[in-house]
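All values reported here derive from a predicted model rather than from experimental measurement.
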Amino acid sequence: MANNENLKPVRTKNEARERGRNGGRRSGEVRRRNADFRKTLNALFSARLDDTEWAPFLEELGLEPTLEAAVNAAMIRKALAGDVKAYEAIAKYSGQSSRTEKDDEEQRIRTDRARAARDQEVGAEEENENIKSFLHALNPSQEDIESLFAEEVQAGGEETEETGEV
């Protein structure tokens, strides 16, 4: 229930403008800080690794011994040791999916059914004709252009220039 204790204060236009300006400045600061963080992280990840354990192992695999390669190898090592979270992270970022081919097929069937129902409701033929006529209007043939101007000449007897005046 509204009462004086829970009402929001009314701001003037100047107060609102000032708050918006301050928010914009802070937002810019946060974006710059996040961008700097990403740059730093990328620079560190691409740095050459001189670790006596990881560098020879990565080079043996034909990989460049960088911090990023070592972190990825460490995650794989943890997954091999049975760490499910490490496995899930590897699967997620390597593009693997937990969905099976059967799941994908079921999703395709649902999508096709929904599309067919929509086409039946809307009328797919009418929609396709509208799209075709729109695309044709975007790229008319020379014959279409000539016939358009020929109709204007026949209708008025002589060509007149449109001035846009009413």
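No continuous path of ILVMFWY side-chain contacts below 4.5 Å connects V84 to I76, so the two sit in separate hydrophobic clusters. Using a 4.5 Å cut-off between side-chain heavy atoms of Ile, Leu, Val, Met, Phe, Trp and Tyr, with links allowed through other members, L44 and F37 fall into the same hydrophobic cluster.
Among all heavy-atom pairs drawn from A70 and L58, the shortest one is N-CD1, 3.8 Å.
Residue pairs satisfying the salt bridge (Lys or Arg N to Asp or Glu O under 4.0 Å) criterion with at least one member in residues 24-41, sequence neighbours excluded, are absent. The side chain to side chain donor-acceptor pair (under 3.5 Å) contacts involving residues 52-61 comprise R48-E59, E53-R77, where partners must be two or more places apart or lie in separate chains. Residue pairs satisfying the side chain to side chain donor-acceptor pair (under 3.5 Å) criterion with at least one member in residues 63-73, sequence neighbours excluded, are absent. Contacts classified as salt bridge (Lys or Arg N to Asp or Glu O under 4.0 Å) and involving residues 9-19 (residues at least two apart or in different chains) are given here: E18-R21.
Under the rule for a side-chain contact (heavy atoms from CB on, under 4.5 Å), V10 has no partner lying at least two apart in sequence or in another chain. Under the salt bridge (charged side-chain N to carboxylate O under 4.0 Å, His left out) criterion, E106 pairs with R110, sequence neighbours left out. By the side-chain contact (heavy atoms from CB on, under 4.5 Å) test, R115 is found to be paired with T111, D112, R118, D119, residues two or more places apart in sequence or in another chain being considered. Under the side-chain contact (heavy atoms from CB on, under 4.5 Å) criterion, E143 pairs with S141, sequence neighbours left out. Residues satisfying the salt bridge (charged side-chain N to carboxylate O under 4.0 Å, His left out) criterion with D51, sequence neighbours excluded, are absent altogether. For K78, the side-chain contact (heavy atoms from CB on, under 4.5 Å) partners at least two apart in sequence or on another chain are D83, A86. For R113, the salt bridge (charged side-chain N to carboxylate O under 4.0 Å, His left out) criterion is met by no residue, not counting sequence neighbours.
The CG atom of L67 lies 8.5 Å from the CG atom of L41; values are rounded to the nearest 0.5 Å. Separation of atoms CE (M75) and OH (Y93) is listed at 8.5 Å; rounding is to 0.5 Å.
Using a 4.0 Å cut-off between charged side-chain N and carboxylate O, R108 and E105 make a salt bridge.
Side chain of S27 to backbone of G23: no donor-acceptor contact under 3.5 angstrom is found.
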Could you walk me through whether F57 and L63 pass the side chain to side chain contact (heavy atoms under 4.5 Å, CB included) check? CA-CA 9 Å; F57 171 72; L63 299 172; over 6 Å; no
